[in-house]
Structures are given as structure tokens and as C-alpha cells.
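The structure appears below as C-alpha cells.
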Amino acid sequence: MAQISLTFPDGNSREYEAGITAAEVAADISSSLRKKAISATVNDQHWDLQWPIDTDSRIAINTMKDLEPALELVRHDLAHIMARAVQELWPNVQVTIGPVIKDGWYYDFDRKEPFTPEDLATIEKKMKEIINKRDEVRTEIWERPKAIAYYEERGEPYKVELIESIPGNEPLRMYWHGDWQDLCRGPHLQHTGQVPADGFKLLSIAGAYWRGDSDRPMLQRIYGTAFTNKEGLKAHLHMLEEAAKRDHRKLGREMDLFHMQEEAPGQVFWHANGWTIYTQLQDYMRRKQRADGYVEVNTPQVVNRKLWEESGHWDKYQENMFIVEVDEDHAREKTVNALKPMNCPCHVQIFNTGMKSYRDLPLRIAEFGACNRYEPSGALHGIMRVRGFTQDDGHIFCTMDQIEAETKKFISFLAEVYADLGFENWSVKLSTRPEKRIGSDETWDILEKSLGEACNAAGYEYELLPGEGAFYGPKLEFTLTDAIGRTWQCGTLQVDTNMPERLGSTYVGADGEKHTPVMLHRATLGSFERFIGILIEEHAGKLPFWLAPRQVVVASIISDANDYAEEVAAALRAAGVRAEVDTRNEKINYKVREHSVGKVPVILALGAREVEEKTVTVRRLGENRTSVTSLDEIVSELKKAATAPDLL
RNA sequence: GCUGCGGUAGCUCAGUGGUAGAGCGCGUCAUUGGUAAUGACGAGGUCGGGAGUUCAAUUCUCCCUCGCAGCACCA
């Protein structure tokens with residue numbers, strides 16, 4: 001047998017016979033490590049203790065203290081243990097797949113009867129029994145025909161299909177947790193007892209399509225969450241509870257920002273408070289865009305189908321469009337229109353008027369464009385995914401040579417805006433050429449490279465999403481995260497050479513010839529609706545002062561202070577601060593509580609002392625202490641705080 | 001759109017085959033109180049919409065609609 005050399009994290013090496021397993025290496029170090037070991041890391045690859053090592057390698061033995069591999073294994077073994085529990089409880093259930101995901105795992109089952117919440121408790125109990133049995137985990141590599149025959153015999157067609165989809169040159173690995181077998185790449189723990197019985201919880205049941213394909217059967221998915229110990233689980237469940245309190249739908253109601261109702265699904269009724277946030281944000285964006293070289297335009301809402309046919313939307317996007325037919329008796333002919341689902345074709349119409357020269361490029365056109373899309377009912381989500389929304393849309397008409405510089409400029413712009421609005425954590429994704437696409441590979445090469453390099457030049461790293469681009473060009477996506485960790489695309493930049501050509505846009509080049517411009521579709525916030533939803537969740541309703549709909553409540557403690565309260569509020573309003581008075585016949589405790597719950601950032605309390613001394617007692621949201629300030633001082637301070645960051 | 005679950009007062013939620021209840025909020029009165037809920041009294045609901053079963057439906061059944069979770073979708 002050949003000898004191999006294994007190098008440990010401390011730099012020491014030992015010689016072993018080739019084919020030694022990681023478990024044997026652990027045993028060679030110490031018998032206690034052999035017991036505590038959960039897996040190994042071999043040449044940066046997560047390695048099952050049972051797998052043999054055949055070549056010189058770097059090796060580290062992992063225990064539960066190595067959090068990353070530990071969580072991976074605990075969650076993965078729990079997926080198998082849950083599937084085993086389900087099949088022990090309901091032998092007719094077919095198993096499919098069960099991967100590890102953020103904070104936990106899921107497993108998809110095919111079962112006629114729906115799982116109920118009570119079933120989750122039953123399954124959990126069964127899982128704990130399996131864990132307590134400390135059943136050994138074994139693995140083997142199987143020949144394909146044997147594996148297929150095995151699953152066919154057991155009536156598990158999903159597994160057969162999975163095996164058939166695995167490339168022929170890849171070995172098929174089987175794992176057993178006790179006697180229960182599953183096809184799995186591994187690695188896994190040594191025995192079921194290594195899973196902490198009090199570190200996991202089954203969370204929910206939901207439908208999910210087999211292989212993510214809506215034309216295939218819908219399975220039942222059970223989600224679970226797991227950590228290496230009870231405390232980790234408890235902390236996570238607590239975080240979920242806290243996050244639920246930040247839900248923009250809940251805060252929207254509590255802060256009286258907006259509501260939605262059955263007669264207008266997916267559309268927002270903005271109340272005065274919410275509309276204040278909206279208009280503040282819009283005013284800010286308008287100033288920022290103007291300063292960044294955009295011209296602002298406005299285009300029609302109801303547009304004849306002819307334009308949508310020309311743009312290609314009628315063919316490809318009709319299902320998602322609100323169609324408006326005009327069929328009045330006095331109409332000479334019936335016309336078919338659609339509410340615009342996006343602004344780009346309209347902006348092209350503006351570009352197309354008159355003659356454009358290369359000297360006009362890049363031409364940056366912006367619009368706060370109201371769009372309507374008939375989104376699938378199941379996709380709607382508060383104000384984050386709606387059917388009527390307004391994009392902070394913009395289209396940059398430019399030459400190929402200008403793409404990179406314009407992209408870089410846009411990324412810097414977006415970064416400034418996000419920073420002003422209090423976002424530090426956002427990510428960039430670059431979606432590249434999809435299978436179905438137009439344009440030559442050379443063009444795609446150039447476009448993808450331009451976006452990537454612009455990103456790097458602006459100082460941001462991006463995640464690659466291969467094949468996720470639009471059919472006409474690659475795109476950058478800028479995503480933000482909501483309260484419970486769901487990510488939402490907000491900003492975007494897409495390169496499009498198709499639409500300008502389709503709609504006949506040209507400019508005269510330096511050579512005197514006509515050329516087709518490139519069009520960059522870009523949005524910073526994405527839509528006001530979605531962005532405000534994210535904004536509310538990010539700040540848990542406690543918006544930055546300049547955006548807060550209700551900035552100051554001047555509350556009187558005694559009725560003798562009412563006149564002074566009006567005076568203070570008037571002074572603040574004159575300084576551009578949104579101030580209201582609360583002279584109701586209520587105790588100051590009551591007023592403080594009510595306005596704190598309402599997320600008012602500043603409460604000014606006024607009693608006899610303040611009237612006497614022309615001062616105010618300031619209480620800021622989130623602080624228990626108060627401070628006394630002169631009226632002049634607080635006015636100038638809050639005036640500054642109420643100023644948008646771009647005007648400071 | 002699909003699977004599952006839900007819709008009772010402005011909000012959060014109990015409840016029942018014989019047309020409904022709590023807390024908060026709202027209104028009135030009393031209270032002038034110094035930083036997260038003063039007290040008393042009062043008003044407020046065709047129980048999401050439609051159909052069916054029944055002597056009788058908010059309750060059972062079906063359809064529709066909206067919402068929630070997830071999936072699919074997201075130019």
C-alpha cells in the first residue's frame with residue numbers, strides 16, 4: 001500500500017497508508033477525538049469521517065466546536081432523520097429531496113393527505129426517538145442499476161428520477177441512518193446521537209413543486225431550523241419573533257401609513273403619514289437625479305396596444321398587463337390599450353422625437369413612472385410586491401463605449417442614496433446571458449465584462465448569477481433584505497441593445513451616419529412601494545428624522561401650557577419641521593406612551609416651568625432620559641435634523 | 001397561478017346549529033396629572049360575499065374573494 005502524508009492545521013504531518021479514513025486519523029490522534037469528531041476538512045473539502053483519503057492532503061478533524069461544518073452536518077442529518085421519521089409514521093409517503101438551507105433545512109414529501117401542524121409535533125417526537133437511539137450512520141457507493149432497482153422496488157419514482165439525472169460519471173452514494181436509506185452526497189455525522197435533540201424545531205409546512213417546475217406535481221415541504229445547542233435555537237426563535245414586530249404591514253397599520261383593501265388588490269391607499277414618507281423620498285430622489293445629470297419626464301399611463309406590439313411586450317408580457325378596452329357606443333371603433341407595465345417604450349418615444357446627435361449622448365431620462373402589472377395573486381406581498389407601483393425609473397441612451405463609465409457612475413449614485421437612507425448592507429448580483437437570448441456571443445462578452453468591470457471600478461464585489469440575465473442583455477441587481485431575511489431586488493441596471501433597435505432609435509454619429517444607441521434601464525430604489533416597505537423594516541419604523549412622517553409632538557402637561565405649546569409648534573413649523581400639538585386632557589405619561597408607540601422621534605413636554613422659562617423638555621424616541629433646552633436652540637437643532645442629507 | 005391555513009367591532013382575538021363577547025381604541029363626564037396606559041359611563045358588528053342543507057346558518061357544505069406561509073413567477 002502506498003504511503004500518503006497528511007498535514008494537520010498546526011503544520012505537523014504524519015504518514016499513513018493510502019485509503020485511511022478520516023475517522024482512523026482521528027483515532028490515531030486520540031480516542032476522545034475519535035468520539036467527538038463529526039467530520040473532517042480535507043483540502044478545504046468537507047469530508048465524511050468514513051471516506052478514505054488516497055493522496056497527500058491537508059486535514060483538519062472537526063468537532064461540534066467547528067461551527068460551520070457542525071451546523072451543516074446537524075441540519076443535513078436532521079433532514080434525513082426527519083424523512084426517516086415521516087416514513088416510519090406514514091410508510092406510504094414518498095421521499096424526494098432535503099437540502100440544508102439558511103438556518104435549517106427542508107425535505108419534500110409526496111403524500112396525499114396534507115400534513116397538519118399537529119403532525120409536526122408528532123414528527124418532532126419521532127425524530128427525538130431516533131436521535132436517542134444513537135443509530136450508526138453508514139455509507140456506500142452503489143452501482144447505478146442496483147440503486148434504480150432498489151428504488152423502483154420500493155415505489156420511490158422521485159429517487160429513480162434523481163438518479164437518472166445525476167451525470168453517469170459521478171458515483172452514487174447511499175447513506176443509512178440506522179436502517180433507513182437515502183441517496184445522498186454526504187458528508188454526515190457518525191451516528192444520530194450526535195444531533196442535539198433540543199437544538200431543532202420544525203417550523204412550517206408548505207407546497208413546493210417537484211424540481212421547482214410548476215408543470216410538475218406539487219409536494220409538501222416541511223421546514224425545520226436547527227443549531228448546535230438549545231441556546232442557539234432559542235436565540236434564533238427569539239430573533240424571528242422580534243423580526244415579526246418589524247413587519248412593514250404591521251407597522252404600516254400602527255403608524256397609520258397606508259392600507260390595502262379587497263377592491264384594489266396589490267395597490268396601496270397611502271394615508272397622510274405614509275404619503276409624507278413617499279413625497280419626502282421622491283423630493284430627495286428628484287434633487288439627486290437632477291444633480292446627477294438626468295432630465296425628468298412624464299409619460300402616459302394608458303397606451304395603445306400598437307406600441308406594445310412594437311416593443312414586444314404584447315407577445316411576451318401580455319399575461320401580466322392590465323388590458324383596457326374602450327368600447328363605448330359612440331366610439332367609432334373599439335381600441336385596445338394597456339396600462340403601462342414599464343416605462344421604457346415611452347422613454348424611447350421621447351428619445352425618438354427630433355434628431356439626436358452623438359453629442360447628445362449619454363442622454364439620461366428619468367421618470368417617477370407609475371406602472372401596473374397583473375402579478376400572480378400568490379406573488380403579492382404587502383407593499384413590497386404589488387400590482388400598482390411607481391418606479392424611480394431612468395433610461396440612459398449611450399454608445400457601447402459609454403456603458404462602463406455610465407454603469408460606474410450609476411453604482412456610485414446608488415451607493416450614495418442607499419447610504420443616505422441608512423442602508424449599509426446591500427449586495428450586487430451580475431446576471432449573465434440566459435440560454436434563450438438574442439445578440440452575438442461577442443456582444444455578450446463585451447456587455448458582461450463592462451458591467452463587471454464597472455462594478456469593480458466602483459469598489460463593489462458582485463455575486464454571479466449565470467444565465468439569469470434578460471434575453472436582451474445582462475443586468476446588475478442591487479438587493480436589500482427585509483426583517484426576516486428575505487432578499488428583495490431594489491436597484492437594477494440592465495443593458496439593452498434590443499429595444500432601441502426594435503423601436504427605431506437612432507443618433508447621428510461623428511461619421512455622419514445613423515447608429516442605434518444602447519439603452520441602460522436603471523432604477524435606484526426600484527419602486528417607492530417596495531423601497532418604503534424595506535425602509536420601514538430596516539428601521540423598525542423609527543425612520544431617520546428627515547423622513548419621519550410625524551417628527552415632533554409638542555405635548556402640554558397642564559392646560560395652562562396649551563398656548564405655549566401652540567407657539568412652540570408654530571415656531572417649529574415655520575422652520576420646516578413637521579410638528580403637531582397634543583393638548584388633550586390626558587396625563588403626560590399617556591401622551592408619551594402613545595407617541596412613543598407611534599414612533600414619533602421627538603416629544604417636547606411643556607409644563608409650568610417651560611412656560612415660565614421659555615424652554616422645552618425634550619424626550620427622544622428610544623431614550624428614557626429627558627433634557628431641557630431653550631426654544632431657539634431646539635428649533636435650530638430640529639431644523640437641521642429635518643433637512644434631507646443632500647441639502648446639508 | 002399552485003399547496004396548505006385563515007377572514008367575527010377601528011386593532012388584537014375568544015365563541016356558538018337558536019342572529020354574539022373581551023381587552024385596547026373611540027365618545028361623554030370627572031380628573032390639571034412631570035415622561036410608556038387616571039377613573040366612571042356609553043356607542044360601535046347584515047360574524048368577507050353568494051348559493052345550498054336545515055324549522056333555524058356567523059357556526060355545516062360548495063363556489064367566489066381577499067389575506068398569510070411557501071413554491072412557481074418577477075422586462
Side-chain angles (χ1 to χ4, degrees), chain A residues 106 108 111 113-117 203-223 244 247 249-250 253-254 256 259-266 311-313 316-317 319-321 340-345 371 373-382 384-386 391 393 468-473 475 477 484 486 488-489 492 494 496 498-499 521 523 526-527 530 555-562 583-598 603-610 617-628:
Chain A
Y106 68 75
D108 288 348
R111 177 186 184 225
E113 306 73 32
F115 287 113
T116 64
L203 291 179
S204 60
I205 312 151
Y209 295 109
W210 168 234
R211 315 219 97 185
D213 184 342
S214 58
D215 292 331
R216 313 225 36 197
M218 179 154 274
L219 308 168
Q220 294 187 65
R221 175 172 295 179
I222 301 179
Y223 285 92
D247 191 306
R249 293 165 294 192
K250 183 176 155 68
R253 194 166 47 240
E254 289 171 1
D256 194 17
H259 86 273
M260 303 175 89
Q261 66 187 48
E262 214 171 308
E263 289 79 359
S311 70
H313 290 92
K316 294 209 167 77
Y317 202 64
E319 277 187 354
N320 288 288
M321 301 207 295
K340 70 175 168 188
M342 51 205 60
N343 308 296
C344 18
C371 296
R373 298 181 188 171
Y374 190 79
E375 299 285 8
S377 56
L380 303 180
H381 180 91
M384 306 265 229
R385 182 85 182 265
V386 285
Q391 296 178 314
D393 207 357
E468 295 290 310
F471 74 92
Y472 52 73
K475 64 177 174 183
E477 289 178 31
I484 64 164
R486 288 176 288 217
W488 295 87
Q489 181 195 311
T492 182
Q494 304 180 17
D496 185 2
N498 177 246
M499 196 179 296
H521 307 251
S527 80
R530 176 175 294 180
S556 57
I557 296 167
I558 48 167
S559 53
D560 283 347
N562 288 356
T583 52
R584 290 175 303 170
N585 180 12
E586 295 290 350
K587 291 188 171 182
I588 190 64
N589 297 26
Y590 182 88
K591 295 183 184 181
V592 166
R593 176 184 152 77
E594 189 179 278
H595 301 307
S596 299
V597 168
I603 298 169
L604 302 181
L606 311 178
R609 276 202 307 272
E610 289 80 4
T617 297
V618 186
R619 185 188 164 115
R620 290 171 199 281
L621 187 58
E623 290 177 17
N624 290 327
R625 61 188 177 77
T626 59
S627 60
V628 180

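Lettering follows sequence order; numbering is per chain, from 1.
Distances shown here put every side-chain N or O of A:Arg211 at or beyond 4.0 Å from the OP1 or OP2 atom of B:A72. At the phosphate of B:U35, neither OP1 nor OP2 sits under 4.0 Å from any side-chain N or O atom of A:His595. For the pair A:Ser377 and B:G1, the criterion of a side-chain N or O lying under 4.0 Å from OP1 or OP2 is met.
In this entry the distance linking CD of A:Glu586 with C1' of B:G34 reads 15 Å, nearest Å. Between A:Asn589 atom CG and B:U32 atom P there is a gap of 15 Å when expressed in whole angstrom units. Computed from coordinates, the A:Leu604 CG to B:G34 C1' distance equals 14 Å when rounded to whole Å. For the pair A:Arg111 CZ and B:G4 C1', the interatomic distance rounds to 13 Å; values are reported in whole Å. Atoms CG (A:Asp215) and P (B:C71) sit 18 Å apart, rounded to a whole Å. In this structure, A:Tyr374 places its OH atom 17 Å from P of B:C74, rounding to the nearest Å. Counting to the nearest Å, the C1' atom of B:A69 and the CD1 atom of A:Ile205 are 10 Å from each other. Separating the NZ atom of A:Lys250 from the C1' atom of B:C68 is a distance of 15 Å, rounded to the nearest angstrom.
Checked by atom type and distance alone, the side chain of A:Lys591 never pairs as donor or acceptor with a backbone atom of A:Ile557 at under 3.5 Å.
Comparing A:Arg249 and A:Lys316 by the nucleotide of RNA chain B whose heavy atom lies nearest to each, the residue mapping closer to the 5' end is A:Arg249. The 5' end of RNA chain B is approached more closely, in terms of each residue's nearest nucleotide, by A:Gln220 than by the other of A:Val597 and A:Gln220.
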Sort me out a list of protein N/O and nucleotides 23-27 of chain B N/O pairs below 3.5 Å, or just none if empty.
none

So which protein nitrogen or oxygen atoms get under 3.5 Å of nucleotides 6-14 of chain B's nitrogens or oxygens?
from, atom 1, to, atom 2, distance (Å)
B:C11, O3', A:Arg253, NE, 3.4
B:U12, OP1, A:Arg253, NH2, 3.0

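How far OH of A:Tyr106 is from CG of A:Leu203: 14.5 Å, rounded to the nearest 0.5 Å.
Among the nucleotides B:A69, B:C2, B:U35, the one closest to any side-chain atom of A:Thr617 is B:U35. Of the listed nucleotides (B:C74, B:U32, B:G33), B:C74 has the atom at the smallest distance from the side chain of A:Arg385.
The gap from the C1' atom of B:U61 to that of B:A43 amounts to 37 Å, rounded to the nearest Å.
Residues passing the side-chain hydrogen bond (donor to acceptor under 3.5 Å, both in side chains) test with A:Thr583: none are found, sequence neighbours excluded. In this structure, A:Tyr209 has no ring-ring contact (aromatic ring centres under 6.0 Å, His included) partners at least two apart in sequence or on a different chain. Annotation: ring-ring contact (aromatic ring centres under 6.0 Å, His included) contacts of A:His521 (sequence neighbours excluded): A:His395, A:Tyr472.
Consecutive Watson-Crick or G-U pairs involving RNA chain B, each under 3.5 Å on both distances, make up stems of three or more pairs at B:1-7 with B:65-71, B:10-13 with B:21-24, B:26-30 with B:38-42, B:48-52 with B:60-64.
Nucleic acid contact for A:Ala555: none, since no nucleic acid atom lies under 4.0 Å from a heavy atom of the residue.
Scanning atom types as modelled, one donor and one acceptor separated by under 3.5 angstrom connect the side chain of A:Ser559 and the base of B:U32.
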